[in-house]
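Below is one structure, written out as structure tokens, with a few remarks after it.
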Amino acid sequence: MTFSAPRPLFAEFAAVIDAALDALVAAGTLPGDLPRHAVTTEPPRDPAHGDLSTNAAMVLAKPAGTNPRALATLLAAELGRDPRVVATEIAGPGFLNLRLTPGAWLGELRLIGQAGADYGRSAMGGGSVVNVEYVSANPTGPMHMGHCRGAVVGDALATLLAFAGHRVIREYYINDAGGQVDVLARSAHVRYREALGEAVGAIPEGLYPGDYLIPAGQALAAEFGDRYVAAPESEWLALFRTRAVAAMMAMIRDDLALLGIHHDVFSSEAELQATGKPALAEAWLRAHDLVYDGLLEAPKGKVAEDWEPVEMPLFRSTRFGDDQDRPIRKSDGNWTYFGADLAYHFQKAETADALVDIWGADHAGTVKRIRAAVAALTGAEGHPKPFEVKLVQMVQLLRDGVPVKMSKRAGTFVTLADVVREVGKDVVRFTMLSRKPDAQMDFDFAKVVEASKDNPVFYVQYCHARVCSTLRKASAEGFAPGADALDRLGDEELALVRLAAQFPRVIEGAAQAREPHRVAFYLYDLAGAFHAYWNLGNDRPDKRFIVADDQALTAARLFLAAQVGQVIRNGLAILGVAAAEEL
RNA sequence: GCGCCCGUAGCUCAGCAGGAUAGAGCACCAGAUUCCUAAUCUGGGGGCCAUGGGUUCGAAUCCCGUCGGGCGCACCA
């Protein structure tokens with residue numbers, strides 16, 4: 001993917017600094033082979049320090065055999081030649097601070113206008129393919145709130161990576177091969193008999209009692225009549241399993257659609273096994289002495305009453321950092337979940353340059369073994385495929401501060417569909433993204449829908465709505481945004497531009513760290529700055545966007561407002577949250 | 001017992017591949033305002049970044065130990 005728009009300001013100056021370093025190398029004042037990956041170009045924390053700050057002198061001084069301030073002086077002289085740089089200052093231990101002409105920032109504001117929905121889009125990913133696997137909920141029932149966070153985080157991450165220049169595959173792994181789907185099939189059989197008029201009474205212990213299987217039973221009754229009512233299980237189990245899984249997946253897709261989530265690829269574990277992928281993986285691993293027949297260790301930390309040593313094919317995951325070797329087949333010869341999952345990751349790696357899995361924290365214990373498997377299966381040439389497991393921590397549901405009780409056995413879990421219907425897609429998504437994923441979070445129905453500035457979702461959306469309403473009002477009064485007189489903008493306005501100009505940096509940083517929540521926090525900051533600017537107009541009519549007797553100034557301010565709105569819109573698009581035009 | 005995650009203001013949380021005086025919102029305190037630029041605004045106090053060591057020019061950030069909370073620990077998925 002090529003992206004030929006002008007570079008955003010921060011990227012531009014990173015290049016300027018790089019070129020200045022090149023000049024120092026050419027002049028012989030700096031060795032040519034210094035690693036520059038640690039050199040940063042960023043806004044100083046304290047705006048009084050200037051517009052841009054680089055740590056280049058501090059990072060490079062030691063390997064260059066000089067001291068930071070001396071190097072900074074040389075670098076400052078070099079950078080001072082850029083016409084956009086009005087001042088250079090050396091500060092603290094060796095920071096080099098730059099002050100830029102207002103024109104440099106106004107140019108960035110114009111760039112936002114030109115790039116529009118593409119502002120912030122980056123070529124960083126270089127078109128490499130990243131497979132993001134997320135949700136992958138078991139196809140035995142509807143989505144519940146336990147799945148929600150991973151679903152939203154994975155989806156936003158996928159969008160973020162695409163925006164940052166990757167080709168992204170959004171994938172869902174259907175666990176349709178284990179004992180649980182047999183239970184599902186038996187449960188469906190009960191509902192099937194029920195649909196044919198049999199009084200089935202309470203759903204037997206060990207089967208899924210949920211009402212959601214009733215339609216599946218009715219569909220089976222409509223399709224097969226009473227053919228399988230009294231038939232032995234062997235005649236209907238596989239059939240009912242296929243039908244029931246398909247019904248559950250249709251339901252899950254509908255649930256996900258409520259959140260705006262759509263996967264590109266649904267991979268079936270059953271199909272994976274049917275096509276012999278785990279066996280191929282096993283053969284390959286055995287050939288490389290990475291699978292052997294051995295005894296499984298006894299479980300740790302639990303009383304193992306019925307523990308007996310059994311010989312099974314074990315994968316040498318300890319060679320790759322796991323705590324013990326893991327079985328890939330059960331003693332009955334069937335694949336373990338891990339045995340199939342290992343083959344599945346191998347399959348994914350065939351079509352992607354990097355893999356990311358989004359898992360719930362309750363699966364944290366299995367991270368090491370799957371990382372080991374990917375390292376083993378893709379690392380034969382010494383270059384294992386980049387693979388990350390991102391864990392999302394638990395969400396506690398609250399209603400007015402009181403925990404919502406959930407019991408799977410009693411069937412009283414809170415479904416995702418219910419929550420989305422109650423509070424809305426945008427609230428669910430933004431809330432799930434307003435905390436770093438590796439920290440636990442509370443989701444309080446009452447707080448999350450509150451329409452006040454204390455609610456970040458509302459705060460950000462209100463910013464966008466405010467921009468829209470300002471533009472509407474201006475239009476009605478005969479004003480339009482325009483970039484002809486941007487030099488009329490003053491310090492307060494430029495502060496807003498500086499913040500908006502950070503969006504491309506935020507995108508790249510968030511994509512690199514695989515942390516979409518950073519975008520949410522940035523949007524909150526930008527919205528805060530916009531609201532603060534807006535409030536200036538309360539006491540000072542000359543600071544309002546519309547200044548009735550000054551056409552040129554109004555056009556420039558409206559242009560600024562429009563671009564802030566654009567950045568908010570672009571950010572919300574990554575989060576999958578609607579940018580409301582009015583509230 | 002072991003592994004992983006977390007511990008930052010009274011509360012809820014940020015802190016961007018170690019960087020300058022650790023930030024925001026709520027709550028609290030003090031002012032302003034009843035305007036329609038709108039679900040009020042402005043300012044202020046408040047921190048041994050759980051704790052003890054280590055690494056270095058520099059640590060909330062990296063390493064080790066301790067304490068506290070969460071999740072998990074056969075062939076389940």
Side-chain angles (χ1 to χ4, degrees), chain A residues 37-38 40 42-46 49 53 55 58-59 61-62 67-68 91-95 97 136-138 140 175 177-181 269 296-302 304 306-310 312 322-324 326-341 360-368 389 391-394 396 434-442 444 447 450-456 458-459 462 465-466 469-470 473 502 505-506 508-510 512-513 515 517-518 520-522 524-525 528 531-532 534-541 543-546 583:
Chain A
H37 63 276
T40 58
E42 54 192 8
R45 201 158 283 168
D46 184 348
H49 290 143
S53 178
N55 65 354
M58 287 187 293
V59 173
K62 190 185 253 181
N67 74 74
F95 287 102
N97 297 326
S136 299
N138 293 332
T140 55
N175 302 136
Q180 60 176 359
V181 283
E269 181 184 1
L296 192 58
E297 292 176 42
K300 310 270 196 310
K302 274 191 172 177
D306 54 348
W307 167 252
E308 284 175 19
V310 193
M312 277 178 286
D322 199 2
D323 310 307
Q324 58 177 266
R326 306 290 176 175
I328 61 170
R329 287 176 190 266
K330 307 178 205 173
S331 49
D332 66 3
N334 284 317
W335 298 103
T336 62
Y337 179 83
F338 173 63
D341 201 26
D362 50 345
H363 290 81
T366 60
V367 171
K368 282 183 179 176
V389 180
L391 295 176
V392 299
Q393 291 290 329
M394 305 284 115
Q396 184 175 30
S434 62
R435 184 129 319 168
K436 64 180 173 214
D438 39 15
Q440 291 157 245
M441 73 182 265
D442 290 343
D444 193 315
K447 283 189 189 159
E450 193 180 325
S452 81
K453 71 179 186 62
D454 305 338
N455 184 347
F458 172 82
Y459 194 68
Y462 183 42
R466 200 169 227 182
S469 79
T470 302
K473 187 182 173 209
Q502 289 195 46
R505 290 183 68 240
V506 171
E508 294 196 347
Q512 216 148 28
E515 291 183 347
H517 76 276
R518 292 191 196 182
F521 280 95
Y522 166 76
Y524 182 77
D525 285 345
H531 290 311
W534 176 276
N535 287 329
L536 280 181
N538 281 330
D539 299 329
R540 296 172 57 187
K543 277 295 176 188
R544 296 183 183 186
F545 283 96
I546 300 172
L583 294 174

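All heavy atoms count here, side chains included; hydrogens, waters and symmetry mates do not. By convention in this document, chain letters (A, B, ...) are assigned in the order of the sequence lines, proteins followed by strands, and residues within each chain are numbered from 1. Quantities reported herein were computed from a predicted structural model and do not represent experimental measurements.
Of the candidate nucleotides B:A38, B:C16, B:A74, B:A74 has the atom nearest to the side chain of A:P299. The nucleotide whose nearest atom lies closest to any side-chain atom of A:L296 is, among B:A74, B:C4, B:G15, B:A74. Checking B:U56, B:A17, B:A38 against every side-chain atom of A:K62, the shortest atom distance belongs to B:U56. Among the nucleotides B:G25, B:A77, B:A14, the one closest to any side-chain atom of A:K330 is B:A77. Considering only side-chain atoms of A:R505, the nucleotide from B:G69, B:A14, B:C16 that sits closest is B:C16. In the set B:G3, B:A20, B:C75, B:A20 carries the atom at the smallest distance from any side-chain atom of A:A91. Side-chain proximity of A:L583 to the nucleotides B:A38, B:A39, B:C13 is greatest for B:A39. Set against B:A77, B:C75, B:A20, the side chain of A:V310 has B:C75 as its closest nucleotide.
In this entry the distance linking CG of A:N538 with C1' of B:C36 reads 10 Å, nearest Å. To the nearest angstrom, C1' of B:A74 lies 14 Å from CG of A:D332. One interatomic measurement links the two molecules: CD of A:Q324 to P of B:G3, which rounds to 13 Å at whole-angstrom precision. Taking atom NZ of A:K436 as the reference point, atom C1' of B:U61 lies 11 Å away to the nearest angstrom. Going from atom CG of A:D454 over to atom P of B:U12 covers 16 Å, rounded to whole Å. A:R45 places its CZ atom 13 Å from the C1' atom of B:G58, with the value rounded to the nearest Å. Straight-line distance from the CG atom of A:D438 to the C1' atom of B:G69: 15 Å, rounded to whole Å. The distance between atom CG of A:D539 and atom P of B:U42, rounded to the nearest whole Å, is 9 Å.
Remark: A:K453 is in phosphate contact with B:C26, judged by side-chain N or O atoms under 4.0 Å from OP1 or OP2.
Evaluation of atom-type donor-acceptor distances gives no pair under 3.5 Å for the side chain of A:D362 against the base of B:A77. For A:T336 against B:A77, no side-chain N or O and base N or O form a donor-acceptor pair under 3.5 Å. Counting atom types as modelled, A:T140 pairs no side-chain N or O with a base atom of B:A77 as donor and acceptor under 3.5 Å.
Mapping A:T366 and A:D525 onto RNA chain B by nearest heavy atom places A:D525 closer to the 5' end of the strand.
For A:N175 and A:Q180, the side-chain atoms include no donor-acceptor pair closer than 3.5 Å.
Scanning both residues, A:Q324 and A:E297, for their nearest heavy atoms gives CB-OE2, 3.5 Å.
By the neighbour-count criterion of 12 heavy atoms within 6.0 Å, atom NZ of A:K543 is densely surrounded, having more than that number from other residues, nucleotides or ligands.
Stacking of A:H49 onto the six-membered ring of B:A20 is present: less than 5.5 angstrom between centres, less than 30° between planes.
Comparing the P positions of B:A60 and B:C76 gives a spacing of 46 Å, expressed to the nearest Å.
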